[in-house]
Amino acid sequence: MTALPTTDGRLFVTDGGMETTLIYRDGLELPEFATFPLLDDEAGVAALRGYYESYAQLAAELDAGIVLDTPTWRANRDWGAKLGYDEAALADVNRRAVTLLRTLRRADPPVLISGCVGPRGDGYVVGDAMDAAEAERYHEAQIAVLAEEGVDLVSALTLTYAGEAIGIARTAALHGVPVVISFTVETDGRLPSGQPLGEAIDQVDAATGGAAAYFMVNCAHPTHFAHVLEDGAPWLERIVGLRANASTKSHAELDASDELDPGDPDDLGERYRSLLDVLPRLRVVGGCCGTDERHIAAVARAVTR
């Protein structure tokens, strides 16, 4: 297994906003905002391969490691059922997602294959919250398959409350795979549940014995959460990655928009750079909604300047 960013020491980048890029730039239809159905036909696989290869090439040019997420953010039971996938079909598509990324594997700079897990519900609102035990049972099927396929880590993105994060972390630990927990925050820097970010990180660590390899913040602009990063607070040591949105708009405004807001890549890069003093272990930089290769390049160059 390749060393994680927490032990490797170099900068790692991620890809950007997969779904927004494929929809708004590449003109693909993604029912339920899900990318995993693209694995079911040759054209879809080719689109995904081209998407990933562009970021792998960027990482090579930057001499940076890269964490590539499988296109399985919504390949869980509830979202799969909406798209006509039963348990067997979901297991198969999760396996094929990992197989696709193996074709991009290299040793130096390293490519880490991340099995991507998303929330049971929406990535912007809590909805019907599960307790930790229910979340552990719910996500077990997907994480088990990803672990069996030998992913380097599991990344749980756009989580909206601590209970689901605890369940995911426990399930990953049970299957012996490192896990990254990434929370969505609103414009006030709090999770959609209303819980402060630092409190949520501390709660997950306390309930799991620090099982997460590290934490990230994603699907929010730096202007939404920079003010809650209290200089010197112990939980800041646990944030190793940022995957910000391109836009400063709120989640409600983004949901209501039918046009992509690409923001300003250079400004985004400078905002990442401004957080280096308060996030001493920041090693993983990437993007979320609205970001593409331009944003990731600008961010990576800004934080290494």
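All values derive from a computational prediction rather than experimental measurement.
Within the 4.5 Å cutoff, no side-chain heavy atoms of Thr160 are placed close to those of Ser193. A 4.5 Å side-chain heavy-atom check between Arg238 and Asp205 finds at least one atom pair inside the cut-off. Inter-residue side-chain proximity for Pro71 and Leu38 is flagged as unmet; no heavy-atom pair is nearer than 4.5 Å.
Using the six-membered ring where Trp is involved, Phe215 and Phe183 have ring planes that are parallel, under 30° apart on the 30 and 60° scheme. The aromatic rings of Phe33 and Trp73 stand perpendicular to each other, their planes meeting at an angle above 60°, with 30° marking the opposite boundary.
Using modelled atom types, one finds no donor on one side chain facing an acceptor on the other under 3.5 Å when comparing Asp292 with Thr21. Judged purely by distance below 3.5 Å, without hydrogens or angles, the side chains of Tyr24 and Asp258 never pair a donor atom with an acceptor atom. Side-chain N/O atoms of Glu186 and His224 include no donor and acceptor closer than 3.5 Å. Side-chain contact of Gln203 with Gln195: a donor-acceptor pair under 3.5 Å is present, judged by distance alone.
Electrostatic pairing of Arg25 and Glu293 counts as a salt bridge here, judged by a charged N lying under 4.0 Å from a carboxylate O. Salt-bridge annotation for Lys82 and Asp78: absent, with no side-chain N of the basic residue lying under 4.0 Å from a carboxylate O of the acidic one. Contact check on Asp69 versus Arg243 returns a salt bridge, with a Lys/Arg side-chain nitrogen under 4.0 Å from an Asp/Glu carboxylate oxygen. Remark: Asp152 engages Arg105 in a salt bridge, criterion side-chain N to carboxylate O under 4.0 Å. A salt bridge is absent between Arg294 and Asp266: the closest approach of a Lys/Arg side-chain nitrogen to an acidic carboxylate oxygen does not fall below 4.0 angstrom.
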task = Test side-chain contact (heavy atoms from CB on, under 4.5 Å) on Thr158 and Asn218 and set out the steps.
result = CA-CA 6 Å; Thr158 65; Asn218 81 298; 3.2 Å; yes
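When each of Leu104, Thr14, Ile113 is tested with Leu68 by the rule side chain to side chain contact (heavy atoms under 4.5 Å, CB included), just one qualifies, namely Leu104. Each of Arg77, Arg120, Glu164, Arg170 was evaluated against His139; a single residue qualifies, Glu164, per the side chain to side chain donor-acceptor pair (under 3.5 Å) test. Applying side chain to side chain contact (heavy atoms under 4.5 Å, CB included) to Tyr52 and the options Leu100, Val111, Thr103 leaves one that passes, Leu100.
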